[in-house]
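What follows is one structure encoded as structure tokens, with my remarks underneath.
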Amino acid sequence: MTQPPVFPVPPVLPDAPPARRACLFALAGTRFAVDVRSAREVVLFDEITAVPRAPRHVVGVANLRGTVMPIVDVRGLLGLPEARPAGSLRTLVVRDGAVQAAVVVDAVLGLEPFEDVVPADSPTVAGMRGPRPLMAGWIRWAGETLALLDVPKILAALATSTPVVAQEASA
């Protein structure tokens, strides 16, 4: 009797760890990224209430499903030319724990995977210009090097200059 042929079975390898993902957006002609774990949603606000005596970066506040959401323009923090947005505002709601804010953006470019983060102070990116104190590092996307912003640092920088930062009520 002949035996059936034996085929070696390749070992089962664990799946590769999932790539990290970033939410990419444009602001003042510059592209940036934030880790998708800090990005909550993209919201278009039509009605914004001005906040008297608020710092320059606070555009106003708006109601987001029952939460008073601060609308902030981070151009100044990022070293970009400041502009006072008017009309409907496209925002990226970012969060660090219970603290959140809607950051004004010009366009949302999508969610993209990335593998490695090059540290902001790495010699390989020494010539790159970016808001290093507010960065988690650099990522590569479509042949371009983008600043990966550190959302907790940005929210902390906003909070130190204004008390207007949304916090979720703990249930």
Side-chain angles (χ1 to χ4, degrees), residues 19-51 54-64 67-97 99-122 125-162 164-166:
R20 293 169 58 187
R21 293 183 355 140
C23 180
L24 309 179
F25 64 95
L27 187 58
T30 304
R31 293 182 183 99
F32 294 97
V34 295
D35 193 306
V36 75
R37 294 174 293 185
S38 296
R40 306 315 307 161
E41 62 186 301
V42 176
V43 179
L44 185 64
F45 287 105
D46 292 321
E47 295 182 27
I48 297 167
T49 302
V51 178
R56 290 179 64 106
H57 64 269
V58 176
V59 176
V61 295
N63 182 348
L64 180 60
T67 299
V68 176
M69 181 65 57
I71 314 296
V72 296
D73 186 356
V74 297
R75 293 170 203 253
L77 282 177
L78 301 177
L80 300 171
E82 292 186 26
R84 200 63 178 166
S88 294
L89 295 179
R90 180 176 320 282
T91 65
L92 175 62
V93 177
V94 294
R95 167 190 258 157
D96 178 37
V99 178
Q100 58 185 353
V103 176
V104 176
V105 298
D106 296 336
V108 176
L109 307 172
L111 300 176
E112 295 291 334
F114 67 95
E115 294 297 327
D116 297 320
V117 177
V118 176
D121 58 355
S122 172
V125 290
M128 298 294 297
R129 295 184 58 180
R132 282 182 166 74
L134 299 174
M135 289 175 48
W138 300 93
I139 63 170
R140 299 285 297 161
W141 173 70
E144 190 176 347
T145 303
L146 304 180
L148 178 65
L149 300 178
D150 188 319
V151 170
K153 286 181 183 175
I154 288 174
L155 291 175
L158 292 171
T160 58
S161 59
T162 178
V164 181
V165 178

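Source: prediction; values computed, not measured.
- Summarising the geometry of Ala39 relative to Leu92, their closest heavy-atom pair is CB-CD1, 4.0 Å, with the distance given to 0.1 Å.
- Trp138 pairs with exactly one of Val118, Asp116, Leu146 by the side chain to side chain contact (heavy atoms under 4.5 Å, CB included) rule, that one being Val118.
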Show your working on side-chain contact (heavy atoms from CB on, under 4.5 Å) between Leu77 and Leu158 and close with a plain yes or no. CA-CA 9 Å; Leu77 282 177; Leu158 292 171; 3.5 Å; yes

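- Within the model, atoms CG of Leu111 and CG of Leu109 stand 10.5 Å from one another, a figure rounded to the nearest 0.5 Å.
- Rounding to the nearest 0.5 Å places CG of Leu89 at 8.0 Å from CG of Leu44.
- Put simply, CZ on Phe45 and CG on Asn63 are 8.5 Å apart, with the number rounded to the nearest 0.5 Å.
- Between Gln100 and Thr67 the shortest heavy-atom distance is NE2-CG2, 4.0 Å.
- In this structure, CG on Asp73 lies 11.5 Å from OG1 on Thr91, to the nearest 0.5 angstrom.
- Scanning both residues, Trp141 and Glu112, for their nearest heavy atoms gives NE1-CG, 3.1 Å.
- Taking the side chain to side chain contact (heavy atoms under 4.5 Å, CB included) definition, one finds that Arg56 meets it with Glu82, sequence neighbours left out.
- Closest approach of Ile48 and Gly60 over heavy atoms only: CG2-CA, 3.8 Å.
- The two residues Met69 and Val93 come nearest to each other via the heavy atoms CE-CG1, 4.2 Å.
- The CD1 atom of Ile139 sits 11.0 Å away from the CD atom of Glu115 when rounded to the nearest 0.5 Å.
- Between Val117 and the options Arg140, Arg20, Met135, a side chain to side chain contact (heavy atoms under 4.5 Å, CB included) holds for only Arg20.
- Asp35 places none of its side-chain heavy atoms less than 4.5 Å from the side chain of Val151.
- Checking each of Val72, Leu149, Asp96 against Ile154 for a side chain to side chain contact (heavy atoms under 4.5 Å, CB included) leaves exactly one that passes, namely Leu149.
- For Glu47, the CD atom sits in a loose shell: 12 or fewer heavy atoms of surrounding residues, nucleotides or ligands are nearer than 6.0 Å.
- A salt bridge (Lys or Arg N to Asp or Glu O under 4.0 Å) with Asp106 is found for exactly one of Arg31, Arg90, Arg75, namely Arg75.
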Side-chain donor-acceptor pairs under 3.5 Å in residues 22-30, sequence neighbours left out?
none

